[in-house]
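Notes follow the structure.
Numbers here simply count residues along the sequence, with the first being 1.
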Amino acid sequence: MWEAIGRRLRRNYLWIFLLLALSWNLKVYLHPVPADTFALFLQRATVGLVPGRIVFIVGFVFNMVIFMFAVGTIRLRKATGEVLPRHEFSLHPLQRMSSWTRAAAASGGRATVRRARRARHRLRGGGAGEFRKIDITQTPNAAYMFPKLPIG
């Protein structure tokens, strides 16, 4: 369980927490004008009745604990299956694919040529197929496109 939490933390949430901490600190530093001293920065970090020094320390400790947990769970390798698959990467699927392409090349592409010929034949209207090539050079009949409606 700790391995899965650490892995998800490293892959997703650590970067979100880092961005959130950076943006909050930048906002406190810059608003309304850049802080001249660290004391002014801590004064601006005040949230309600909680002093800025405590807010800053709690934020720093929280982010350090998250970071230490993420680093501390890097070497955990007890989980199997969903978290870390135990099998090694194999080139077997790629070898199988190359054998398929070799078989297709050995046939000379006859099946592809045959399918293309049948498709052209259907488009030309020579057969029982219902597919016909649309002739876009002819303009449609205006009376057919815009029939006159009786006004009455």
Side-chain angles (χ1 to χ4, degrees), residues 1-138 140 145:
M1 178 175 94
W2 297 113
E3 181 180 356
I5 293 171
R7 185 168 190 257
R8 183 164 291 146
L9 181 65
R10 281 189 307 277
R11 296 244 171 149
N12 301 324
Y13 295 105
L14 191 65
W15 307 110
I16 295 171
F17 283 126
L18 177 70
L19 184 65
L20 186 62
L22 286 175
S23 63
W24 181 81
N25 282 309
L26 190 64
K27 186 262 180 209
V28 170
Y29 171 74
L30 290 176
H31 185 69
V33 294
D36 295 336
T37 63
F38 189 66
L40 181 59
F41 176 80
L42 291 179
Q43 181 184 357
R44 290 180 183 174
T46 301
V47 176
L49 298 176
V50 182
R53 182 179 43 148
I54 294 175
V55 171
F56 184 77
I57 290 172
V58 167
F60 183 78
V61 169
F62 172 78
N63 285 307
M64 288 285 52
V65 167
I66 293 289
F67 179 76
M68 295 304 290
F69 183 80
V71 170
T73 57
I74 287 176
R75 294 199 177 261
L76 293 179
R77 300 279 186 221
K78 294 179 183 175
T80 59
E82 191 174 320
V83 176
L84 285 176
R86 288 286 182 187
H87 58 81
E88 294 294 323
F89 177 72
S90 172
L91 293 176
H92 182 67
L94 298 177
Q95 291 169 349
R96 185 174 353 144
M97 189 64 177
S98 64
S99 68
W100 291 346
T101 55
R102 268 195 304 272
S107 71
R110 289 185 299 267
T112 305
V113 171
R114 188 177 27 219
R115 283 193 302 270
R117 189 176 297 137
R118 286 180 185 163
R120 280 193 303 271
H121 188 66
R122 280 194 308 268
L123 286 175
R124 290 183 184 145
E130 62 272 356
F131 301 110
R132 300 230 181 245
K133 189 174 183 180
I134 299 172
D135 186 11
I136 60 171
T137 60
Q138 297 177 350
M145 292 294 292

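- The closest side-chain heavy-atom distance from Tyr13 to Ile66 is not below 4.5 Å.
- Rounding to the nearest 0.5 angstrom, the gap separating the CD1 atom in Ile54 from the CG atom in Leu49 is 11.0 Å.
- Across every non-hydrogen atom of Ala70 and Leu14, the tightest pair is CB-CD2, 4.3 Å.
- To the nearest 0.5 Å, the span separating CD1 on Ile57 from CE on Met64 amounts to 14.5 Å.
- Side chain of Trp15 to main chain of Arg10: a donor-acceptor pair is present (N/O by atom type, distance under 3.5 Å, no hydrogens or angles).
- Considering every non-hydrogen atom in both Ala21 and Asn63, the closest pair reads CB-ND2, 3.6 Å.
- Classification of the Tyr29-Phe41 ring pair by plane angle, with boundaries at 30° and 60°, yields tilted.
- In plain terms, the two heavy atoms of Arg44 and His31 that are nearest each other are NH1-O, 3.2 Å.
- Phe67 places none of its side-chain heavy atoms less than 4.5 Å from the side chain of Leu18.
- By the ring pair (Phe, Tyr, Trp, His ring centres under 6.0 Å) test, Phe17 pairs with Phe62, sequence neighbours left out.
- Residues meeting the side-chain contact (heavy atoms from CB on, under 4.5 Å) test with Arg118, sequence neighbours left out: Arg114, Arg122.
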